[in-house]
Number of protein chains: 2
Amino acid sequence: MDKQITAHDVARLAGVSQSTVSRVFTEGASVSDGSRKKVLKAAEELGYQPNEFARSLIMRKTRLIGLVMKNVDNPFYPAVLKKFTATLRSMGYGVLLIDTAEDELCPRDIEQLIAYKVAGVVIMDATASFGTAEALKKNGIPAVLFNRVVEETALLSVSCDNRSASREIALHLIEDGCESFVYIAGKRGTSTNLEREQSFTETLQAEGYRSDFTVGGYTYDGGFKAVKNLPSENMPDAIFAANDIMAMGALDALKEMRLQKPVRLIGFDDIPMASWPGYALSTYKQPVDRMIEKTLGLLLGEGEERGTPAGPVYLEGELIIRET
Amino acid sequence: MDKQITAHDVARLAGVSQSTVSRVFTEGASVSDGSRKKVLKAAEELGYQPNEFARSLIMRKTRLIGLVMKNVDNPFYPAVLKKFTATLRSMGYGVLLIDTAEDELCPRDIEQLIAYKVAGVVIMDATASFGTAEALKKNGIPAVLFNRVVEETALLSVSCDNRSASREIALHLIEDGCESFVYIAGKRGTSTNLEREQSFTETLQAEGYRSDFTVGGYTYDGGFKAVKNLPSENMPDAIFAANDIMAMGALDALKEMRLQKPVRLIGFDDIPMASWPGYALSTYKQPVDRMIEKTLGLLLGEGEERGTPAGPVYLEGELIIRET
DNA sequence: TTGAAAGCGATACCAT
DNA sequence: ATGGTATCGCTTTCAA
């Protein structure tokens, strides 16, 4: 940045004032065609681009959105990340990527977000403590949780409707003739797991069935081991895994066990691999596009869309039945 | 950002000058213990964090690195992205994420990188045209290609040693008794594919064998179809797929075909899924950690490490033989 | 050690 | 339509 090209340089080369250069790069400012051409030519030649730091400073407003993500291991998120980035770009925003190691944003994350005065924060697959939410609020930075609900912080949040999804899954399985069930839990304490678990179990109970329970921690290995630990002489009719990669682990374990009785298996997310012929996994497809749209609407939208809805936003997805 | 908390606010609350506040947040500036305490307390209370935009502006140097990525579909990259982000963070840099749709950086990407005056750019899995490279150079922004080599632009680049890797794979297969081979190509025109293809084919020829050839485009479907299109009465002894997800597609196709003769299959990358029991894919593990380290060294390192090496940097990985 | 003041590169208001 | 100038929040001399 020592070799900075500034509006002054362009002005000098174009033979106009620095103000005029600025106007050429400002939407809806009045500049004569002649000046504009000269400036554009000079800018092109020098490779000039207005300094966003100076611009944001004087405008008292940045065009940066903080994207906080945790779980790169989960193939669900890359596509989400891409979609967020692409959409934000088309809205004129840049993306400050923050990778948080823990389930909860750490102080360094917050400091960076505040230092960059981001116009908003999307927190994917992680949560924020009360203190964190406060720090952001103090600095007037809005934040939305993506795929997480945290009651205490009153942070905005957008998720898939895990409850209705899990109910649908339970009912589908029952209708299919299943009578014994196992739920492979994700990470305990996450809202996604809690909602899926509760709703699945309650629906089953309401219909007169019960579900066994095991933990998979949202990982492939977890799903694999969860099934391996099931008593092979007494396998359930159906398994609901709280996400797709656990379901894949479960499926691979099932295949290895070569059971005589088929076991129905349903995952959650609809990651790209779920449709691979090798798996052909039945799953619940999260309404990713609408979730992202809604998230950005809450964060940056105009008027009523923006701001505080009564509570967490839940969007319905779609049950996709494949071969499992 | 309208509700900005500035060093002035902190100064007022702490009863010192704004300069002193700045000093407290500047490494190695001289402030009395008393002042420091007062300032820190006030800052804490207000939730103050120095404005990075103002800071970068006056310092004439940003702490932002542009990370350009394309292929979110390839499970190889999420982990790379995470590692880059984490490492950069520990070096004090923030990450400006740019998602480029095309194989080659588009003007908008460059404009954003220049506008944010990034301290450097890492281009993952994509290339830059001559014009692009020039625009960056004009603005004094260093860039490194990760996993791509582009001869004409003389851009720095760090890759896996695709040639030696492919040779090793070919020799291993021959040693294993294979006599007929198929290479499933990635995307034509990419340096990774070219290097793998040439080296594999040449090694085979040198040993007196030849290889058939088909294109998979670096996608699961591509790999799947590539195998399905092979004549089932005349399958090769071994297949080398230019990346793991193609290999997985190939493997699933192979499984569906239920051949009597086993076919050896080797992928490339060693993505997490390759080790899943359902695949147990043999593959060539890219030396990701060292590649990232080298990339950042070239971009931001001290002294000799930084800057222009004679040519592209190639790092050796490791052949991992699993069940395929 | 501390405060006052200059200046980073841009925008926008004010004259002209 | 154009140029001059104040200003954004910060770092960094320069005096005190």
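Letters A, B, ... are given to chains in the order of the sequence lines, protein chains preceding strands, and every chain is numbered from 1. Hydrogens, waters and symmetry mates are skipped; everything else that's a heavy atom, side chains included, is used.
- Listed by chain and residue number, A:E52, A:M59, A:R63 satisfy the side-chain contact (heavy atoms from CB on, under 4.5 Å) test with A:R55 (two or more places apart in sequence, or in another chain).
- A:D269 pairs by the salt bridge (Lys or Arg N to Asp or Glu O under 4.0 Å) definition with nothing, not counting sequence neighbours.
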For a quick test of your reading: what N or O donor-acceptor pairs under 3.5 Å do the side chains of residues 293-301 of chain B make, sequence neighbours left out?
unit_1	atom_1	unit_2	atom_2	d
B:T295	OG1	B:M291	O	2.6

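- A:Y77 pairs by the ring-ring contact (aromatic ring centres under 6.0 Å, His included) definition with nothing, not counting sequence neighbours.
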Counting primed atoms, P, OP1 and OP2 as sugar-phosphate and everything else as base, the B/S/- map of nucleotides 11-16 of chain C against protein heavy atoms under 4.0 Å is BBB---

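- The side chain of A:T20 contributes an N or O atom lying less than 4.0 Å from OP1 or OP2 of D:dG3.
- Within residues 28-37 of chain B, no residue has any heavy atom under 4.0 Å from DNA chain D.
- The ring pair (Phe, Tyr, Trp, His ring centres under 6.0 Å) contacts involving residues 118-158 of chain A comprise A:F84-A:F146, where partners must be two or more places apart or lie in separate chains.
- Taking atom CG of B:L57 as the reference point, atom C1' of D:dC10 lies 8 Å away to the nearest angstrom.
- Note: A:Y116 and B:F53 have perpendicular aromatic rings, judged against thresholds of 30 and 60 degrees for the angle between ring planes.
- Note: NZ (B:K61) to P (C:dG9) measures 14 Å, nearest angstrom.
- A search for salt bridge (Lys or Arg N to Asp or Glu O under 4.0 Å) contacts involving A:R36 returns nothing, not counting sequence neighbours.
- D:dC8 atom P lies 16 Å from atom CD1 of B:I5, rounded to whole Å.
- A straight line from CG of A:D9 to C1' of C:dA10 spans 13 Å, rounded to a whole angstrom.
- One end of the helix from C:dT1-D:dA16 to C:dT16-D:dA1 points its axis 40° away from the other end's axis, with each axis taken from 5 pairs and the angle rounded to 10°.
- Take B:R23 and apply the salt bridge (Lys or Arg N to Asp or Glu O under 4.0 Å) test, not counting sequence neighbours, and it matches no residue.
- In this view, A:K38 satisfies the salt bridge (Lys or Arg N to Asp or Glu O under 4.0 Å) rule with no residue, not counting sequence neighbours.
- Here the side chain of A:N193 pairs no donor or acceptor atom with the backbone of A:G189 at under 3.5 angstrom.
- Residues meeting the side-chain contact (heavy atoms from CB on, under 4.5 Å) test with A:E195, sequence neighbours left out: A:V149, A:N162, A:R163, A:S191, A:Y314.
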